[in-house]
A.B. asks: 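Quick one: the structure is below, questions incoming.
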Amino acid sequence: MDLDSQTSEPVIEVTDLKTVFHTQDGTVYAVNGLSFQLQPGELLGVVGESGCGKSVTMMSLLKLLPMPPAEIVSGTVQFEGKDLLQIDDDELRKIRGGRIGFIFQDPMTSLNPVFTIGFQIMEPLREHLGMDKNEARDKAVELLELVGIPSARERLRDFPHQFSGGMRQRVVIAIALACDPKLLIADEPTTALDVTVQAQILEIVRELRQKLGMAIVWITHDLGVVAGIADRVAVMYGGFIVEYAHVSALFENPQHPYTIALLETLPGTNADGEHRLLSISGQAPNLTHKPNSCPFAPRCKFAFDKCREQNPQLEMRGDDHKVSCWFDVDKNEARA
Amino acid sequence: MADIAQMDDQEIDPNVLVRVDDLHMHFPIYKGILRRQVGAVKAVDGLTFDIRRGETLGLVGESGCGKSTAGRAILRLYDPTSGHVHINGKDIAELSRTELRKIRPQMQMIFQDPQASLNPRMTVGSIVSEPLDEHGIVSGKEKKARVGELLDAVGLNPSFVNRYPHEFSGGQRQRIGIARALALNPEFIVCDEPIAALDVSIQAQVVNLLEDLQSKLGLTYLFISHDLSMVRHIADRVAVMYLGKIMELTSVDKLFKTPKHPYTKALLSAVPVPDPKIEAKRERIILQGDVPNPANPPKGCVFSTRCPIAEDKCFKDAPKWRDLGGDQYVACHLAG
């Protein structure tokens with residue numbers, strides 16, 4: 001999908017989002033001033049290792065985190081002319097599952113085992129769109145057919161345990177799509193699934209994007225999935241976006257040392273499979289320290305003094321390619 | 001007498017360390033008040049293959065295809081329903097408990113989840129030395145030295161002996177599991193998804209360690225995984241499993257370059273490639289539906305219900321294991 005039309009109004013605009021957790025062992029700085037936006041129809045892939053703050057960021061947008069211990073310290077989330085962090089709970093509830101759909105990683109835990117899937121799909125339709133029972137049932141059948149569940153009308157009466165993992169995730173997708181959301185947030189939706197089932201789900205998502213034209217945030221740790229479906233990619237590390245670019249630019253010309261290292265860890269990049277795998281030495285960052293240096297500096301082979309003293313900002317480096325790093329890997333020297 | 005003849009065969013081929021012969025592992029299903037057996041889950045249904053000395057045999061397949069059960073049955077962690085497993089010429093499926101215990105040191109296992117496979121109340125030192133105590137191999141100072149040596153071999157600081165598993169990261173915990181598996185100088189190790197629970201950057205470290213240990217100690221691995229790109233990197237030959245049976249077995253090069261079985265082709269095409277250019281052009285084979293129930297597998301070829309090229313005979317007769325030449329074996333009527 002071509003997204004050069006920067007002029008259109010973004011679906012969602014996140015500015016300087018900061019989330020912390022207050023724990024017994026001190027404050028955990030999980031999200032440290034994130035800013036990003038999505039155009040209509042755009043698919044943003046968010047990649048990073050576990051604990052880098054991907055999920056917390058997306059949960060913060062809709063205030064789905066338990067507060068306390070979580071606290072959203074600052075930031076604005078502009079969606080349809082409102083700041084989601086400022087509006088009251090009743091208004092927010094109308095947006096959750098209505099204008100913004102959510103898909104979680106594990107389809108078993110995101111479906112309620114004691115209700116039929118028909119009830120669970122019809123619930124948002126009746127709640128948000130005010131449909132009556134029959135309308136909602138027809139729409140539910142339509143949705144299940146859309147995500148490729150055979151004999152949909154009969155299956156409305158089934159319970160989640162009567163579906164396989166892939167089928168359950170399709171049901172969750174159908175629920176997320178029920179109210180025709182403008183924005184869909186998918187948190188590792190295929191991680192718990194087998195590759196063949198993942199391929200089925202990815203195919204459905206590709207089709208649905210063309211049909212429905214919604215913006216999607218797709219959280220994953222699988223760079224292969226991102227390469228296949230994303231328009232833009234945000235690479236996260238230690239609660240920061242360290243690189244943000246078009247998917248082709250990111251894979252062809254990665255600028256942040258972490259992105260470069262992450263791509264190098266993939267097996268089979270040299271096709272022969274003979275060489276040793278490269279790994280990133282060191283440990284994932286400890287988020288209990290106040291983020292006032294580059295979080296990747298302890299594991300970075302290019303790190304120098306400035307990296308340990310000052311936190312780089314996410315800045316435009318070339319055409320629609322943002323990087324937060326003090327070092328220019330192309331010129332192999334520190335940035336001016 | 002037949003058994004003795006088979007044992008002789010074993011000694012004739014010194015390159016084969018493990019010979020699996022028509023291995024079945026069925027789990028009975030009991031129903032009703034009388035707990036009558038009404039059927040069986042055919043988790044492993046007739047496996048036959050060799051593992052050569054010093055090689056890594058990859059065993060891949062979707063979840064529920066029986067690959068972990070196969071790994072466990074081969075080590076006789078389950079008592080197989082029928083079939084033989086010869087390790088170093090001894091049929092371990094037939095050995096008595098005391099005999100089995102004597103040869104246990106030759107064969108070890110590395111488990112998927114290092115969190116669950118390490119006792120949280122034991123120190124690293126006692127975890128690693130437990131097999132040494134059990135088999136009464138060394139004691140006292142020698143034991144201490146051996147534990148230090150093992151921790152060193154897996155890249156952990158020997159001064160960590162008195163720490164507990166929770167003090168380590170996921171990758172380090174997996175190293176502890178590996179050290180424990182190495183304690184008795186095994187020849188054969190079954191690695192059951194050893195990297196599935198780890199982050200991408202850590203996976204590479206563990207795979208490198210496994211490869212180093214293999215070349216240093218001459219180990220033979222059965223590497224069970226659903227991650228095809230990692231199997232491509234580490235394995236010499238690969239067996240593809242589907243619903244308790246092996247579909248294709250060949251060298252890693254042939255499997256990835258010229259797959260013959262339609263299931264192998266579909267599985268390979270479902271793996272996302274971390275390169276947006278390839279992803280945009282690639283032809284995908286999307287399998288329809290789900291894996292059938294192993295308690296009630298389809299008649300004929302088990303893959304026939306989802307196979308894109310199935311013909312009449314595929315639904316009637318189970319395909320025989322065929323040699324396509326050049327060390328490529330396939331169970332399909334039509335492949336070749």
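Chain letters run A, B, ... following the sequence lines, proteins first, then strands; residues in each count from 1.
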A.B. asks: Indicate the atoms forming the closest heavy-atom contact of B/I286 with A/A199, along with that distance.
C.D. replies: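 Looking at all heavy atoms of both residues, the closest pair is CD1-O, 3.6 Å.
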A.B. asks: How many angstroms lie between atom OG1 of A/T265 and atom CD of B/Q205, to the nearest 0.5 angstrom?
C.D. replies: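 With rounding to 0.5 Å, OG1 (A/T265) is 10.0 Å from CD (B/Q205).
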A.B. asks: In terms of heavy-atom proximity below 4.5 Å to chain A, should B/Q203 be classed as side chain, backbone, both, or neither?
C.D. replies: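 Neither part, no heavy atoms under 4.5 Å.
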A.B. asks: For B/L287, which atoms come within 4.5 Å of any heavy atom of chain A: side chain, backbone, both, or neither?
C.D. replies: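 Backbone plus side chain of B/L287, per the 4.5 Å heavy-atom cut-off to chain A.
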A.B. asks: So which part of B/D212 gets closer than 4.5 Å to some heavy atom of chain A, the side chain, the backbone, both or neither?
C.D. replies: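 Interface part for B/D212: side chain.
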A.B. asks: Could you go step by step and tell me if B/D275 and A/E252 meet the side chain to side chain contact (heavy atoms under 4.5 Å, CB included) rule?
C.D. replies: CA-CA 8 Å; B/D275 185 335; A/E252 267 165 38; over 6 Å; no
A.B. asks: Using a 4.5 Å cut-off on heavy atoms from C-beta on, say whether the side chain of B/E279 contacts that of A/V247.
C.D. replies: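 No, side chains not in contact.
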A.B. asks: Who wins among A/E203, A/H221, A/Q198 for the most heavy-atom pairs under 4.5 Å with chain B?
C.D. replies: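 Top count of heavy-atom pairs under 4.5 Å with chain B: A/E203.
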A.B. asks: Find the distance between CG (A/D222) and CG (B/D227) and round it off to the nearest 0.5 Å.
C.D. replies: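 Reported to 0.5 Å precision, the distance equals 8.5 Å.
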A.B. asks: Quick check on the interface: out of B/P276, B/G171, B/A204, who has the most heavy-atom pairs with chain A under 4.5 Å?
C.D. replies: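 Between B/P276, B/G171, B/A204, the count favours B/P276.
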A.B. asks: Enter the distance from A/T196:OG1 to B/Y263:OH here, rounded to the nearest 0.5 Å.
C.D. replies: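 One finds 5.5 Å between OG1 of A/T196 and OH of B/Y263.
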A.B. asks: Provide the closest heavy-atom pair for B/P272 versus A/V225 in the form atom of the first, atom of the second, distance.
C.D. replies: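 The answer is CB-N, 3.6 Å.
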A.B. asks: Let me know if A/R206 has heavy atoms under 4.5 Å from chain B in its side chain, its backbone, both or neither.
C.D. replies: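 For A/R206, the contact with chain B is made by the side chain alone.
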A.B. asks: Is there any salt bridge (Lys or Arg N to Asp or Glu O under 4.0 Å) pair reaching into residues 150-160 of chain A, and which pairs are they, with sequence neighbours excluded?
C.D. replies: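 As it turns out, the salt bridge (Lys or Arg N to Asp or Glu O under 4.0 Å) pairs with a partner in residues 150-160 of chain A, which skip direct neighbours, are A/D138-A/R153, A/R155-A/D158.
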A.B. asks: Do B/H226 and A/V195 come close enough that some side-chain heavy atom pair is under 4.5 Å?
C.D. replies: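 No, their side chains stay 4.5 Å or more apart.
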